[in-house]
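See structure below.
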Amino acid sequence: MATKADRQADSRDNPSRAPGETASHPAPAVGRGKLTLRVLGTSVTQIPPLKHAAERDLGLTLEFITLDGTEAQRRGALAPHSFDVYDQWFHDLDLIWPTGSIRGIDIGRITRWDQINDLPKTGRLSPSSTSASGGDPSKRLFVQLDGSLGGTPSDRISMVPTVHNADSFAVVGDQAGKINSWGSLLDPKWSGNVILQRDAAIGCLDMLLALKARDELHVGDMGDLTLEEIDAVTEKLAGYCSMGQFRRIWADEAEAIAALRGGIDLIGSLWWSGAVKLRRLGVPVSMVTPVEGFRGWFGGMALSTHLRGRELDAAYDYLNWWLDGYAGAAMARQGSYMSNPEAVRQHLTKAEWDFWYEGKPAGGPITDWDGYTVYDVGESRGGGSYQQRIDKIVVWDAVIEEHNYLVRRWENAISG
Amino acid sequence: MSSSEAIPIDPSAPRYAVIEKLVEAAIERGTLPARTVLMEGPIAKLFGTSRTPVRVALNSLCDRGLLLRFEGRGFVVPGDGDPVRAPLTGPMLGLPEDVSPDPAPVTSQRIARDFETVLVHALPFGRFGVNEQAMADHYNVSRTVVRELLSRLQDRGLINKNRRSHWVIGPLTAREVAQYFAIRSKLEPLALEDSAPRLPARDIKDMWGRLQTALDQGDDLSSDTLEELESDMHVRLLAGSNNSHLLRMVHQSQLALVVNRVFASFIGTGPFKNSLREHAIVFEFIMRGAYEMAAQALEEHLNLAARRTRQRLMTLSVFPEPEFPRYLVKRAS
């Protein structure tokens, strides 16, 4: 394992990691006294080095309000005055936008808008790719004439597309190489050693992918379940819960990490950021490349409806700062992709770029954002390049039309 | 500031905002001293309101650091010393002395109205069982009265008996919202074409005036005003029809409107602006005597409203569940 000192020494050889020197955003509009910007988000993007770097680059104070996904959604919907920037996921815009708690973003003020690739704009990374069902970011990106969200391009957007990934589940222990199907989550062989995520907009898809792989339940469209399909999947969930299949059903990443940290031969839902944190702790965890495909998610940053004047300018500065590449490099070092990869590339070593974005075996030790080695020479992340992994997304995290019904059935199934 | 001074309150503000402002002012001027314990129930009683707006107000004050959570139940005004559980009075919250809970007599009509309101507001929050005895106790009436009421609501499809013959309600689903709106989008235009030509011009003018005032007012309508405008469009404008069967069916198909009421009680009325502009289109045609076009505009309004209402139902999944009377018992399925 590399030490923190190694990481710092390394950064001297790699000037792109010095945040203060590299930001290419325009001069911040906050020079008339220090502002505090409150950012509501999750543990995925709210990491200390980004807070410090953004504060230094933008001359403002950042207050990170870090909650689990569901709590962040509740606050996002009900308390717009308690935050300035909403750093979350495109799929939960379906819950947030109708409340009017976030405002449209003028793409003329997003300096690197043209560098953002086609994935969030069209739902496909290249014309030959196929679209996935569920919460496709491109279908909730643009503000339409009637104020709703849709896929027809306009000059205002709901969120600046940022971090995203093709996700699956983790395996702790030496069984990693033998697992290649979502079906393992429900395999009796793993009974009592599986963890599942609680957020129904994500965990339900993990269940559906597993049930489909095991030929137990096939639904018409995972991103738009009928009431009968919801009844079926939640009955299956309740059944597996009562049989003791799950060791833990987790609401936030810290719980998932705690559950996987202690044991060997465990599998289950995990985000890439969690996998990297576990590897840093020395836990032998791998993310599976399922033959059935990945579950995708797309993050973004939105503006609270109350922002005006200097606060609004500062919030735009923060959004633009996220696209400068430094933040994207930190996200790459925990396994996630950024919507404008070329800017990120300037802030990664060639070995890092090849490992995280090209999917190649590590040419040297690969470190996390804090400088700790998380992959050794010769190891690879699995699943191939950015394009290959994204093209294997079969469904995006989704808030379905019957989400209110799903959530209540889902929670009942879990609590027995 | 002395406790007798009135706190300036915007009458059009949502109820939770009024409560939040008054509690904040009471903390500032010290009539709610440090360490006072605040519970939702007594405050709701003093304001003569349900617990929902009180909860929203107290949570917001807590988010802003003006209140602290207290042992998982209620809140406490920050400060040193032991918590004080003194009974709250109106003047402590800046309310006049004589405000007291509604002393209206218990009548079967009032029970029916109250029960229906409770029941409809519970619908989006899941499946509930109705306990006859607890309900009889709650309203201080016999179980026969309760059964009769429940049977009437069963006829209307609001409440059902499950396989074990227990009364159950909910949950309201997006599918049902779509179905109710599909019915409304055909029935209400029919009623409008029949009714609008018969309505006195003065009534139309009054409704138009109320709508214009609201549209000029911006995003700060009270939920009562919104309710009034909804009634103008979907009740008063149709009431001139002499087809009583049609009007009864129209009324019974308006159940899904609860989604919008619950939504407005948490979020305020800002997001309803689009809907009110569509009301104006309907009225524009009515005032020109173009009743067929008005009916078409109403149908299109209802189609658009159906989509918005389904989206709002999705949002309700993250709303904190209001407290309901004890006769409503949450059920798994």
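Labels below follow one simple rule: chain letters A, B, ... track the order of the sequence lines, proteins then strands, and each chain is numbered from 1.
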Contact origin within [X] toward chain B - heavy atom pairs under 4.5 Å:
X: Val407(A); result: side chain
X: Asp146(A); result: both
X: Ile400(A); result: backbone

Quiz item: Among Arg64(B), Arg308(B), Arg310(B), which has the most heavy-atom pairs under 4.5 Å with chain A?
Solution: Arg310(B)
Quiz prompt | Option that, when pairs with chain A are counted at under 4.5 Å, heavy atom only, ranks first among Val56(B), Val177(B), Thr173(B) | solution = Thr173(B)
Has [X] got a side-chain atom pairing as donor or acceptor with [Y]'s backbone, closer than 3.5 angstrom?
X: Thr66(A); Y: Ser43(A); value: no
X: Gln197(A); Y: Ser269(A); value: no
X: Gln46(A); Y: Val39(A); value: yes
X: His218(A); Y: Leu211(A); value: no

Which answer fits [X], side chain, backbone, both or neither, if we ask what part of it has an atom under 4.5 Å from a heavy atom of chain A?
X: Phe125(B); answer: both
X: Arg307(B); answer: side chain
X: Ser60(B); answer: neither
X: Glu321(B); answer: side chain
X: Leu172(B); answer: backbone

Should [X] and [Y] count as an ion pair when the cut-off is N to O under 4.0 Å?
X: Arg198(A); Y: Glu255(A); result: no
X: Asp106(A); Y: Arg156(A); result: no
X: Glu299(B); Y: Arg184(B); result: no

Between [options], which has the largest tally of heavy atom pairs under 4.5 Å with chain B?
options: Glu71(A), His403(A), Glu411(A), His81(A); answer: His403(A)
options: Thr70(A), Leu78(A), Val399(A); answer: Leu78(A)
options: Thr99(A), Thr226(A), Thr305(A); answer: Thr99(A)

Quiz item: Looking at Phe272(B), is Arg312(B) sitting on its ring face, NZ or CZ under 6.0 Å from the six-membered ring centre and within 45 degrees of the normal?
Solution: yes
Quiz item: Within a radius of less than 6.0 Å around CZ of Arg74(A), do more than 12 heavy atoms belonging to other residues, nucleotides or ligands occur?
Solution: yes
Practice problem: Kindly indicate, with the supporting measurements, whether the criterion salt bridge (charged side-chain N to carboxylate O under 4.0 Å, His left out) is fulfilled by Glu401(A) and Arg175(B). | Solution: CA-CA 9 Å; Glu401(A) 188 160 272; Arg175(B) 182 187 287 172; over 6 Å; no
Quiz item: When the ring centroid of Phe319(B) is compared with that of Phe266(B), is the distance short of 6.0 Å?
Solution: yes
Quiz item: For Glu311(A) and Arg38(A), what are the C-alpha separation, side-chain angles and deciding distance, and is it a salt bridge (charged side-chain N to carboxylate O under 4.0 Å, His left out)?
Solution: CA-CA 10 Å; Glu311(A) 284 79 10; Arg38(A) 300 161 303 165; over 6 Å; no
Quiz item: Going by residue number, which parts of residues 86-98 of chain A are within reach of chain B, meaning a heavy-atom gap below 4.5 Å?
Solution: Asp94(A), Leu95(A), Pro98(A)
